[in-house]
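Worksheet: one structure, shown below.
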Amino acid sequence: MAREMVSQGNGIFEFTPQHHHNNEVKTKFVDALFRNDWDAMAPLVHPDFELREPDALSYGGIYKGLDGFKKCWELIPNAGLKTEYLNTLRCFFTEDPDSIVVELETRGTVSQTGEKFASKVMEQFDFKDGLIVAIVLYWFNIPSFD
């Protein structure tokens, strides 16, 4: 008897108004971040917001609230990671409107060693009550900070 492989996906789904809303919130948040406009970001994050960076990064850990996010954002260049290129490759949506995954490509230099790095980074945006409740980052090639 042949075994049949069964997909765990639900196939094609329809975007709901919540999909569109959450994508708009994510877009506004990222745009405000790169404008360094923390006031514009504030109404887009849930009170329980967390940013989760991989522990292998010198600034890795969990940062709570928008103040925590800002602390992490300031730590990145101070940690010696100079990002020279960052490009969004694509966004992934599923039937769950409260989760959006963004695929990024990044390149740069570790300041202390001069080592060049390149990595894909996945950012998972999770939503609660129409606001961003978590951003979880997954790096494929974490630069060495030795």
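Numbers here are sequence positions counted from 1. On a predicted model such as this, the values are computed, not experimentally measured, just so you know.
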Do any N or O atoms from the side chain of [X] and from the backbone of [Y] form a donor-acceptor pair under 3.5 angstrom?
X	Y	answer
Thr94	Asp96	yes
Thr83	Tyr85	no
His21	Gly130	yes
His20	Pro17	no
Ser99	Asp126	no

Cluster overlap [X] with [Y], hydrophobic side-chain contacts below 4.5 Å:
X	Y	result
Phe140	Leu89	no
Val45	Val30	yes
Ile76	Leu33	yes
Tyr138	Val102	no

| Which of these, Ile135, Val25, Asn22, Val133, sits in a side-chain contact (heavy atoms from CB on, under 4.5 Å) with Phe125? |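 The side-chain contact (heavy atoms from CB on, under 4.5 Å) with Phe125 is passed solely by Ile135 among Ile135, Val25, Asn22, Val133.
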Could you pull out the closest heavy-atom pair between [X] and [Y], with the gap in Å?
X	Y	value
Tyr59	Cys72	CD1-SG, 3.9 Å
Ile132	Phe49	O-CD1, 3.5 Å
Ala40	Arg35	CB-NH2, 3.9 Å

| said: Apply side chain to side chain contact (heavy atoms under 4.5 Å, CB included) to residues Met122 and Phe92 and explain how you reach the verdict. | reply: CA-CA 10 Å; Met122 304 299 276; Phe92 298 95; 3.9 Å; yes
| For Glu103 and Val121, what are the C-alpha separation, side-chain angles and deciding distance, and is it a side chain to side chain contact (heavy atoms under 4.5 Å, CB included)? | CA-CA 6 Å; Glu103 180 184 5; Val121 178; over 6 Å; no
Within the 4.5 Å heavy-atom criterion, are [X] and [Y] side-chain neighbours or not?
X	Y	answer
His46	Asp129	yes
Ile100	Phe93	yes
Gln18	Asp98	yes
Pro54	Leu137	yes
Asn23	Lys26	yes
Ile62	Leu51	no

| task | Could you give me the CA-CA distance, side-chain angles and deciding distance for Glu105 and Lys120, then say whether salt bridge (Lys or Arg N to Asp or Glu O under 4.0 Å) is met? | result | CA-CA 5 Å; Glu105 179 181 31; Lys120 285 212 178 163; over 6 Å; no
Between atom [atom1] of [X] and atom [atom2] of [Y], what is the distance when rounded to the nearest 0.5 Å?
X	Y	atom1	atom2	result
Ser119	Leu86	OG	CG	11.0 Å
Lys70	Met41	NZ	CE	9.5 Å
Phe127	Leu44	CZ	CG	9.5 Å
Tyr63	Arg52	OH	CZ	13.5 Å
Lys71	Leu75	NZ	CG	6.0 Å
Asp39	Asn36	CG	CG	10.5 Å

| message | Ignoring hydrogens and geometry beyond distance, is a side-chain donor-acceptor pair present between Trp139 and Asn141 at under 3.5 Å? | response | no
| field | Trp73 and Phe34 aromatic centres sub-6.0 Å | value |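 Yes.
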| Residue pair Lys82, Ser111: steps toward the side chain to side chain donor-acceptor pair (under 3.5 Å) verdict | CA-CA 7 Å; Lys82 183 179 177 192; Ser111 301; over 6 Å; no
| query | Do Glu84 and Arg107 sit within salt-bridge range, that is, some charged N less than 4.0 Å from a carboxylate O? | reply |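 Salt bridge absent between Glu84 and Arg107.
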